Visitor: 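Pasting a structure here, questions to come.
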Amino acid sequence: MNNGERNTLIRAGLSRRHRGDRVFRLAGLADICVALAFLALLFGSIFTKGYTAFRQTVVLLEVHLDPGIIDPLGSRDVRALSRADYGVLIKTTLRDAFPQVTTRRHKRELYALVSSGAAFEVRHRVLEDPGIVGRTLALWVPASDDVDMIVKDVIPRAVAPAVRRLSDRQLAWIDTLAD
Amino acid sequence: MVIGFLIVGSLVAVLTTIGIVFSLLFESFRFFQLVPITDFLFGMQWSPQTAIRVDQVGASGSFGAVPLLVGTLLISAVALSVAGPVGLFAAIYIGEYAAPSARSAIKPTLEVLAGIPTVVYGLFAVLVVAPFLRQTGESVGFTVSSESALAAGIVMGIMTIPLISSITDDAIAAVPNALKDGALALGATRAEAIRQVILPAALPGLVGGLLLAASRVIGETMIVVMAAGLSANLTLNPLEAVTTVTVQIVTLLTGDQEFDSAKTLAAFALGLLLFVITFALNVLALHIVKTYREQYE
């Protein structure tokens, strides 16, 4: 075999070998992309699923801090203030905001719109400054978890009423509050 | 003075290891007095109950570890078939093809995968991968369990990618440069040099690394606790739910335990089994690395 023949032989296989090299290189690149895609998917899914937890649905309530309920004796004593029934204040506020709600069952549904923590929010304000007792306080209180899920669209409204945790009435109230 | 500290330090490490092994051995011995060792190693049924009353239904538990071992190996096989090729090719590309700037960007990004807590991987498996697999499976007519071995295995594989790729990287870097240069000088393409010269020379390191990764995957707990099943199921179908040795140890030892029942002591026997397997894998890996290492120097 002389030089010329050898060169022809080598050239004949050259494009095939170069293709093999490109395929091998692309395989490596593809695998890196796969690994990076997994990483992106992992972070992406954690952030998209998790970010709503940093946001809270709140409801603006005009709470009248009735001294007859908070502190009937008028002592303004810290112990009396901290033991008062602030839940009643929230309930009264909600009833005043929706005067058309009259039956017991509907009232209970109405109360369920607001988180049970709302009363503690009011208590906290009163203890911070007992002077506000008797006034009317505009306060953002957390909505209940069911309302929160609806507003964030984690649970769609289209879910059948039978399996939904909120009634159509409650959904309507949410819309009124949102306006 | 310094030497004294060094001796004390190494003694603590050694004695702790010995203590762990002996506690496993003693408790396992107590277990094997209640349940014959052949029943444990070859039994096909895992149902670890013990009776509270004498006349109770299902009072006699069965402690056959085979379904757990098969489940563990199934999930590990899935994990390694994800991590093995991806890690290997990624490392080859980074080491042999990538420009230095790309290399310094890609490598630390991949290392991020190694820094994610396993509980986050578990969350990922349960909330993202498993539902995705089930929906995809349903749309093409397969029944995929919500706790399929496939979901747990894939996520475990993702976790193992950086381990495999860094081991591959080390093994390739340890091959003398003269070998690669020689191949290139003879006219080999890069792919040919890698496939026919570098990889065979690095093979002992690669096999050893793969075995280390296997023992890591077999012992991994959090991902399978969250994403794999709880009930023993002797199957090789990765779409079904299986349980693993580690999951069973967790469930057996969570909460208050009585240490004279076979149910609790079974956890130690499982621990011993796991220890023996991973220890054997590690010894094998070291042996392979040691025996074939200096072939080219």
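Predicted model only: the values in this text are computed from it and were never measured. Sequence lines set the chain letters: A, B, ... in the order given, protein chains first and strands last, and positions in each chain run from 1.
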Visitor: Passes side chain to side chain contact (heavy atoms under 4.5 Å, CB included), Asp31(A) versus Tyr93(B)? Steps please.
Guide: CA-CA 9 Å; Asp31(A) 275 311; Tyr93(B) 185 85; over 6 Å; no
Visitor: Do you know which of Cys33(A), Gly28(A), Ser45(A) has the most heavy-atom pairs with chain B at a distance under 4.5 angstrom?
Guide: Gly28(A)
Visitor: Looking only at heavy atoms and a cut-off of under 4.5 Å, which of Val155(B), Ile154(B), Ile116(B) has the most pairs with chain A?
Guide: Ile116(B)
Visitor: Quick check: does any side chain N or O of Thr221(B) sit under 3.5 Å from a backbone N or O of Thr246(B), one acting as donor and the other as acceptor?
Guide: no
Visitor: Among Ile46(A), Val23(A), Leu41(A), which residue has the highest count of heavy-atom pairs closer than 4.5 Å to chain B?
Guide: Leu41(A)
Visitor: Does CZ in Arg108(A) sit with more than 12 non-hydrogen atoms of other residues, nucleotides or ligands closer than 6.0 Å?
Guide: no
Visitor: Given Arg6(A) and Leu9(A), is the side chain to side chain contact (heavy atoms under 4.5 Å, CB included) satisfied, shown in steps?
Guide: CA-CA 5 Å; Arg6(A) 192 179 295 131; Leu9(A) 202 64; 5.6 Å; no
Visitor: Chain B heavy atoms under 4.5 Å from Leu14(A): which part of the residue, side chain, backbone, both or neither?
Guide: neither
Visitor: Tell me, with the steps shown, if Leu113(A) and Val59(A) meet side chain to side chain contact (heavy atoms under 4.5 Å, CB included).
Guide: CA-CA 9 Å; Leu113(A) 293 182; Val59(A) 180; over 6 Å; no
Visitor: Pair Val245(B), Leu69(B) - check side chain to side chain contact (heavy atoms under 4.5 Å, CB included), show working.
Guide: CA-CA 6 Å; Val245(B) 176; Leu69(B) 268 183; 4.3 Å; yes
Visitor: For Leu113(B), is it the side chain, the backbone, both, or neither that has a heavy atom closer than 4.5 Å to a heavy atom of chain A?
Guide: both
Visitor: With only heavy atoms counted, which part of Pro85(B) is less than 4.5 Å from chain A, the side chain, the backbone, both or neither?
Guide: backbone
Visitor: Highest number of heavy-atom pairs under 4.5 Å with chain A: which of Val129(B), Val82(B), Val86(B), Ile194(B)?
Guide: Val86(B)
Visitor: What part of Leu42(A) is in contact with chain B, defined as an atom under 4.5 angstrom from a non-hydrogen atom: side chain, backbone, both or neither?
Guide: both
